[in-house]
Amino acid sequence: MPQEEKTTATRSNEDRYDAQRIETKWFERWQQDQSLYAAEPNSTKPKYYVLEMLPYPSGALHMGHVRNYSIGDALARYMWMNGYNVLHPMGWDSFGLPAENAAIQNNTPPREWTLRNIANMKAQMKRLGFAYDWAREVTTCLPEYYRWNQWFFLKLYEHGLAYRKKSKVNWCPKCATVLANEQVVDGCCWRHEDTLVEQRELEQWFLRITKYSEELLRDLEKLGGWPEKVRTMQRNWIGRSAGTLVDFDLGGTVGPAGSTITVFTTRVDTIYGATSVQLAPQHPLVADLTANKPELRAQVDRLIAEQRKAREVGDIGEIEKHGVNTGRFALNPFTREPVPIWVANYILMDYGTGAIMSVPAHDERDYEFSKKYSLEIRLVILPKAADLDETVAEPSLPVTTLNGSLVNSGPFNGMDCEEAIQKMSEHAEKHGFGKAAVTYRLKDWGISRQRYWGTPIPMLYCEKDGIVPVPEKDLPVILPEKVDITLTGGSPLGRVPEFVNTICPKCGGPARRETDTMDTFVDSSWYFYRYTDARNDKAPFDSKTVAYWFPINQYIGGVEHAILHLIYSRFWTKFMRDMGLVQNDEPVERLFTQGMVIKDGAKMSKSLGNIVTPDEMVARYGADAARLYSLFAAPPDRDLDWQDAGIEGIQRFLGRVYRFAVRNAPKAPVETQLAASPAPPETSPATSLTPEARQIQRKLHQTIKRVSDDFQGRWHFNTCIAAIMELVNDLYSVENRVARAPSPAEGIPTVLLAESQRALVLLLAPFAPYLAHELWEMLGEKGSLLRAPWPKYDPALAKEDEIELPVQINGKLRSRMVVSADAPEDVVHDRALAEEKIRVALQGKQIVKVIVVPGKLVNIVAR
RNA sequence: GCGAAAGUGGCGGAAUUGGCAGACGCACCAGACUUAGGAUCUGGCGGGGAAACCCAUGGGGGUUCGAGUCCCCCCUUUCGCACCA
């Protein structure tokens, strides 16, 4: 190659990296082939289902989306290149409140607003070059999708898993609708963190997710590919607690005849020490206890106010314990002793039974409370340690250990706590005043929403036949278009007579439709099954097709869905399995939660004005640069601090790659220089290479190894992109050295150069697809880059010939020496001691020990 | 209060099993090419010191030939849980 061509860059337009030109060219080509990223039907390849969480079409993509999809797209492309049949779809979680709010503000119908946003965001995704199979696109707000929500609802109803009940529900005044428990955070609405959720008594549809409480908990053990953090959050949310229900008899003094107070306890072994019963202020019996006692009622109301206030502050744990004595008594069924009934502000109605037995000697809260009100404290458990220690007369209270034995407990004296819990539960059950029980924090999923933009619940109310499901053949129940959606006066659908008024399919008489719509988390509970068979109009999907693709091999999204979407969709899968629709117990094999994109130390948000938009980045730097930077700036599981200057560095790097390729573009078709397959060992044996060529070859194989390893393991794309940069830096540095060399024979063999360029393009393909395609074409390659085999590395060629070993004296660096990489230990040992600097430093000292760590260092211990 | 993760140059971040702390990138400095440079190429770049060297991974102890990495105590940040009976 003539030297003039290899010197530093010239200013010609040809070798300028013009991201817009390259990306526009390929963007247009990709638009013409809609099947480019389609999965192969009847493929013999192994399948791989990679999925990013579908977005809500809010209007435009933000950088968090770009990051999420850049990770998924890199993986999808990598798996394609590794010979997998890849499913990589995308869709729109397109029902929901923002569309209604926008409609109210801009006077645009929700449907129009939503579809316009989808069109915009889809165009953005395409421009960013994400490889989605758009033929499988799912849009949850269209009847072709939501009819299956309705179908599933009917199936749930048939199986007794959907039911209607009147109950206290969470109401957000700003959303003007009911919320699920999962949508309440610290007593406030998940969308309005400053808005306290109210309790309203309403008739609502619930899904019986609690039927699967135990399995949802147990199967978390199977999800080894999930972050431990997410599993812990789900475990906490399900909140399993094993204990005993015990009825305290009221002796007919309170409430209807035979009324009892049922308490839940995990420590029934301490029941002989129960010296009071505590009720939540909202407990139903409180009404009877306070009947004709306005003074008492007022005190209870004060307790309720205290609870509310603590919730508001979001710190119920810090509430000062207060209680009132009702003056009534309940019988401890074990001792037949009457104990006073109190109402206390620290007892929660929504946990357990809303009533507890108070055992001050063996529970910290009960101890604190009973001390305050001078209630009796009765010791019934002796810790083992205190038994042995003669000098301690009384163990310090409260004693909460399970490692003790019972005293003052009648026939149960002397038993271990564990044994006593079992025996006493059996005893209670045998005598009809209790039983072993498991309680969960998880409650049934309330899905009714008093809003317009959602799936209509396919139910009718007939005066004669009561609740009647819409017959399957009448699905979908279409969401009407022209609806007044202002926030006043309950469900908007209730104001559409032609929707509400219908005919009962049973009796033919008049009937009213349900006017609430479904929680949008219903939509996302099963959408990923629909992708496998997205255009099916006979069923939500074909079970055989699902069996081929499921479970999802890799799911990628934000950790904010750890308990909402990710627990609902696990429930949905288990229900569908029990229906025989799917075979898998769990929808997602591996879950990856990427970090947030932040800027200037805060999450990007309009109100803070620290927004960087993808459109802006694509226009200024190109899609490749935006994507590559979102992967390079931080490991994907950590938060990413966006810096505008950082993306410029990435753009420079892409320019360096491009210019190197242009300078060294093959003069003849590649086929004549290089065998068709990338088989480096044969094409360029290490032995005959100049040091420069060998350096490139070694770096090339090391880089392939590093990038491949990262995809297989840690997904630290920041370091593997850094590795590719190092390779490019080495290519530049060798190019420069060769250009300055006296003899042309020092050059890099054309074959090795071509091999390096080819591998470089392949390594970049998952991260920067536009540039990779451009260079692939420039190399004269004809086949699809997406299906080109991922490069292989040869460990022998990746190995260093010589290494620089540090030589330490007492752990301090004193010298360095270059040795052959496989030099035997004794040679390294002798060389180290012969080093000039070492000899000087060791003068007057005595060598105690020499530690040689092959390939790492030498440390001489001397005194 | 309990649990988890994190804390490394001016900045984002490397250091996969205890083995040269600071890879890669940004910013900055210098040189080259240039009418010009917000382009490109080359080199420098933790702090102190003239140098030999010394000091440095939130702070303090410890284990070890050797600690960013392991152990103990403490501080800060983020996240999760929080009177769960």
Side-chain angles (χ1 to χ4, degrees), chain A residues 7-11 15-17 186 227-230 232-233 235-237 239-241 243 263-267 278 280 307 310 314-321 344-348 350-359 363-366 368-369 439-441 559-560 562-563 595-596 601 629 632-635 637-650 652-653 655-656 659 706 709-710 713-714 716 718-726 728-729 732-733 735-736 804-813 815-816 848-851 853 855-862:
Chain A
T7 47
T8 52
T10 63
R11 288 170 57 208
D15 68 355
R16 195 172 68 87
Y17 167 60
D186 290 333
E228 191 50 50
K229 178 184 163 138
V230 173
T232 304
M233 284 168 74
R235 221 173 273 130
N236 287 341
W237 186 257
R240 183 185 197 273
S241 177
V263 304
F264 177 72
T265 177
T266 55
R267 291 297 305 272
Q278 309 279 347
Q307 266 192 2
D315 216 357
I316 194 148
E318 301 287 301
I319 191 175
E320 176 157 7
K321 291 179 183 53
N345 63 355
Y346 72 97
I347 308 300
L348 306 172
D350 52 14
Y351 187 80
T353 60
I356 65 152
M357 63 178 200
S358 174
V359 186
D363 181 283
E364 284 183 29
R365 292 153 301 165
D366 296 347
E368 184 189 334
F369 189 87
T439 61
Y440 297 90
R441 204 174 86 116
V559 75
E560 65 272 16
I563 40 183
M596 286 189 306
Y629 179 65
F632 176 71
D637 50 342
R638 292 245 294 263
D639 285 351
L640 184 159
D641 190 353
W642 189 276
Q643 299 188 346
D644 287 342
I647 192 171
E648 285 174 27
I650 290 293
R652 271 201 284 271
F653 163 68
R656 278 164 72 79
R659 285 187 298 276
R706 282 179 66 179
D709 286 354
D710 248 312
R714 302 193 303 168
H716 278 196
N718 55 330
T719 55
C720 69
I721 292 165
I724 300 173
M725 288 175 172
E726 284 183 49
V728 173
N729 290 348
Y732 267 69
S733 118
E735 189 183 38
N736 263 283
E804 196 185 55
L805 276 192
V807 183
Q808 299 178 335
I809 295 175
N810 296 331
K812 301 242 186 228
L813 183 67
S815 181
R816 299 169 200 275
V848 179
K849 185 158 54 156
V850 179
I851 292 153
V853 185
K856 295 285 187 187
L857 54 47
V858 180
N859 188 18
I860 300 162
V861 187

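- Closest heavy-atom contact between A:Ile650 and A:Met725: CD1-CE, 3.7 Å.
- For the C1' atoms, the distance from B:rC26 to B:rG13 is 11 Å, rounded to whole Å.
- In this structure, A:Tyr732 reaches the B:rC41 phosphate: one of its side-chain N or O atoms is under 4.0 Å from OP1 or OP2.
- B:rU8 and B:rG12: their C1' atoms are spaced 12 Å apart (whole Å).
- One finds a side-chain N or O of A:Ser241 lying less than 4.0 angstrom from the OP1 or OP2 phosphate oxygen of B:rA85.
- Contact between the side-chain N/O atoms of A:Arg656 and the OP1/OP2 oxygens of B:rG25 is not found at any separation under 4.0 Å.
- Across the P atoms, B:rG58 and B:rA14 are found 15 Å apart, a figure rounded to whole Å.
- Residue A:Arg267 places no side-chain N or O under 4.0 Å from the OP1 or OP2 atom of B:rC84.
- Atom name C1', nucleotides B:rG18 and B:rG62: the rounded distance is 15 Å, in whole Å.
- The side chain of A:Asn236 contributes no N or O atom lying less than 4.0 Å from OP1 or OP2 of B:rC2.
- Taking the P atoms as reference points, B:rC75 lies 15 Å from B:rG60, given to the whole Å.
- The side chain of A:Arg714 places an N or O atom within less than 4.0 Å of a non-bridging phosphate oxygen (OP1 or OP2) of B:rA15.
- One finds a side-chain N or O of A:Lys812 lying less than 4.0 angstrom from the OP1 or OP2 phosphate oxygen of B:rC55.
- B:rA36 and B:rG46: their C1' atoms are spaced 36 Å apart (whole Å).
- Applying the 90° cutoff around 0 to the glycosidic angle, B:rG9 is assigned syn.
- In summary, the aromatic rings of A:Phe653 and A:Phe632 are positioned with their centroids too far apart to meet the 6.0 Å limit.
- A:Asn718 has a side-chain polar atom (N or O) that falls below the 4.0 Å cut-off from OP1 or OP2 of B:rA14.
- Taking atom C1' on both nucleotides, B:rG19 is separated from B:rA67 by 10 Å, rounded to a whole Å.
- The heavy-atom pair separating A:Gly855 from A:Leu805 by the smallest distance is C-CD2, 3.8 Å.
- A gap of 13 Å separates the P atoms of B:rG25 and B:rU40, to the nearest Å.
- Side-chain N/O atoms of A:Arg365 include one lying less than 4.0 angstrom from OP1 or OP2 on B:rC84.
- Counting heavy-atom neighbours within 6.0 Å of A:Glu364 CD, excluding the residue itself, gives a total of 12 or less.
- The shortest distance between the side-chain N/O atoms of A:Arg652 and the OP1/OP2 oxygens of B:rC26 is below 4.0 Å.
- For the pair A:Arg659 and B:rC41, the criterion of a side-chain N or O lying under 4.0 Å from OP1 or OP2 is met.
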